Protein chains: 2
Amino acid sequence: MRITKKERQKKLVQALEADPFMTDEQMAKLCQVSIQTIRLDRMELGIPELRERIKLMAESNFDRVRSLAPQEVVGEVIDLQLDQSGVSILEIKKEHVFERNGIARGHFLFAQANSLAIGLVDAEVALTISAEIRFLRPVHINEKCVCYAKVVKSQFSRTYIEVRTKVNSEEVFYGKFVVFRQKKK
Amino acid sequence: MRITKKERQKKLVQALEADPFMTDEQMAKLCQVSIQTIRLDRMELGIPELRERIKLMAESNFDRVRSLAPQEVVGEVIDLQLDQSGVSILEIKKEHVFERNGIARGHFLFAQANSLAIGLVDAEVALTISAEIRFLRPVHINEKCVCYAKVVKSQFSRTYIEVRTKVNSEEVFYGKFVVFRQKKK
DNA sequence: TATACTCTTAGTACTAGGTATTAAAAGGTG
DNA sequence: CACCTTTTAATACCTAGTACTAAGAGTATA
């Protein structure tokens with residue numbers, strides 16, 4: 001016995017973390033033991049077989065891809081008057097919050113506001129130039145952030161937009177955005 | 001022959017788009033044809049078998065999971081002196097940019113900066129209170145954003161952090177963050 | 001009507017990467 | 001030496017296929 005069972009199992013877990021696509025055969029070679037030993041190890045450790053592992057990975061990302069892939073806008077736009085105002089909603093889920101305390105990471109609120117501000121501008125190219133933002137109170141998991149954006153001024157190639165995000169009519173985020181635009185449609 | 005071959009194949013593609021986890025058997029039932037017909041259809045359409053499909057999904061998201069799942073931080077932290085300074089790198093990929101023009105959406109640069117600023121603060125709870133940010137030039141796909149954050153002041157329960165993001169020593173983003181902190185570790 | 005042709009179904013052999021089970025060998029410890 | 005854990009081996013079976021051959025069904029064409 002070269003290394004102990006415990007050590008081998010530890011090694012296995014690490015190896016699978018680095019490359020979850022290993023077959024039992026490959027693991028057996030890696031650990032210099034028989035395939036049966038590997039299978040017993042997987043049993044003990046509660047590690048499913050390759051195909052199950054792959055499936056779990058694919059499934060877990062499938063939802064995420066679906067909910068995050070239409071990434072052009074963060075949050076669901078429910079109202080939009082181009083060059084005037086818009087409203088979007090973002091429900092804070094576990095992927096948005098700090099594990100530790102369940103408080104939403106600021107950049108998601110920013111992303112919602114930024115997306116809406118950009119989406120508001122009726123131009124071929126619209127890019128954020130600058131922003132002044134304020135996080136007024138922490139937002140928690142399961143809260144629905146309703147984001148209101150309003151164009152306050154449009155000068156030369158710049159659009160000035162004011163954004164307020166509320167949770168139950170309580171303001172949680174405020175931002176002033178300056179957006180650069182090029183060539184009206 | 002109820003529906004034509006073309007119609008059936010169209011149906012198949014749509015069904016698989018909605019649920020890529022279907023076996024040939026399930027598809028056969030769905031289309032009211034034999035399993036062999038489904039296999040011929042897959043051949044013609046160049047659709048791989050279930051296991052291959054699942055594997056492709058898992059693989060394609062594996063990289064993304066790696067780079068995005070440790071979501072506590074957007075970007076890879078390569079240097080960190082708590083309460084002093086830190087550096088992180090974010091490579092702009094296709095999921096970060098506007099499809100239209102290949103320019104990075106601002107909120108990713110913000111997220112990188114915000115994450116680093118929060119990560120810099122050595123406290124149990126650290127939350128962004130406000131930020132003043134400026135996007136100095138557009139960042140394109142494949143560019144590597146190196147983000148430098150520096151604590152400039154720490155007063156009461158607030159930490160003031162300055163962040164500069166560069167691409168090839170050219171400044172692309174600048175931000176001043178105010179971070180709230182609670183209870184030192 | 002017979003023939004040609006596409007479409008569909010059936011059946012067999014084989015594959016990877018396993019599970020589940022039983023049994024035997026190897027190794028270390030009291 | 002006996003006991004017990006650990007490891008290996010062997011066998012039957014499973015799923016979701018591939019690869020291939022062959023035959024039947026349905027339709028159009030000479």
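Naming: A, B, ... by sequence-line order, numbering from 1 per chain. Just so it is clear, the model here is predicted, and its values are computed rather than measured.
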Subject >> 5'-most by nearest nucleotide on DNA chain C - A:Thr23 or B:Asp41 >> reply: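 The 5'-side residue here is B:Asp41.
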Rounding to an integer number of Å, can you tell me how far [X] [atom1] sits from [N] [atom2]?
{"X": "B:Ile54", "N": "C:dG17", "atom1": "CD1", "atom2": "P", "answer": "14 Å"}
{"X": "B:Gln9", "N": "C:dT6", "atom1": "CD", "atom2": "C1'", "answer": "13 Å"}
{"X": "A:Lys55", "N": "D:dT15", "atom1": "NZ", "atom2": "P", "answer": "13 Å"}
{"X": "A:Leu40", "N": "C:dT19", "atom1": "CG", "atom2": "P", "answer": "11 Å"}
{"X": "A:Leu50", "N": "D:dA16", "atom1": "CG", "atom2": "P", "answer": "15 Å"}
{"X": "A:Lys5", "N": "C:dG28", "atom1": "NZ", "atom2": "P", "answer": "16 Å"}
{"X": "A:Ile3", "N": "D:dT7", "atom1": "CD1", "atom2": "C1'", "answer": "13 Å"}
{"X": "A:Glu52", "N": "D:dT15", "atom1": "CD", "atom2": "P", "answer": "13 Å"}

Is the phosphate of [N], meaning OP1 or OP2, less than 4.0 Å from a side-chain N or O of [X]?
{"X": "B:Arg8", "N": "C:dT8", "answer": "yes"}
{"X": "B:Arg42", "N": "D:dT18", "answer": "yes"}
{"X": "A:Thr37", "N": "D:dT7", "answer": "no"}

Original post:
Around B:Asn168, counting heavy atoms of other residues, nucleotides and ligands shown, do more than 12 lie under 6.0 Å from its CG?
Top reply: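 Counting other residues, nucleotides and ligands, CG of B:Asn168 stays at 12 neighbours or fewer.
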Subject >> Candidate nucleotides D:dA16, C:dG11, C:dG18, ranked by approach to the side chain of B:Glu49 - the nearest >> reply: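 Output: D:dA16.
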Original post:
Which nucleotide sits closest to the side chain of A:Arg39: D:dA9, C:dT9, C:dT19?
Top reply: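 The listed nucleotide nearest to A:Arg39's side chain is C:dT19.
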Original post:
Thinking salt bridges, do B:Glu162 and B:Arg164 make one under a 4.0 Å N-O criterion?
Top reply: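 Here B:Glu162 pairs with B:Arg164 in a salt bridge, since their nearest N and O are under 4.0 Å apart.
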**OP:** Give a yes or no on whether a salt bridge exists between A:Glu143 and A:Arg137, defined as a side-chain N under 4.0 angstrom from a carboxylate O.
**Re:**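 Salt bridge flag = yes for A:Arg137 with A:Glu143.
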Original post:
Would a line drawn from the ring center of B:Phe110 to the ring center of B:Phe177 be shorter than 6.0 Å?
Top reply: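 Between B:Phe177 and B:Phe110, which both carry aromatic rings, the centre distance is below 6.0 Å.
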Original post:
How would you label the contact of A:Ile35 with the nucleic acid (heavy atoms, under 4.0 Å): base, sugar-phosphate, or nothing?
Top reply: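 No contact at all - A:Ile35 keeps every heavy atom at 4.0 Å or more from the nucleic acid.
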Original post:
Does NZ or CZ of B:Arg105 come closer than 6.0 Å to the centre of the six-membered ring of B:Phe98, within 45° of the ring's axis?
Top reply: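 Yes.
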Original post:
Could one point to a donor on the side chain of A:Arg51 or the base of C:dG17 with an acceptor on the other under 3.5 Å away?
Top reply: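 It does, because a donor-acceptor pair links the side chain of A:Arg51 to the base of C:dG17 below 3.5 Å.
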Subject >> 5'-most by nearest nucleotide on DNA chain D - B:Gln36 or A:Val33 >> reply: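 Of the two residues, A:Val33 wins.
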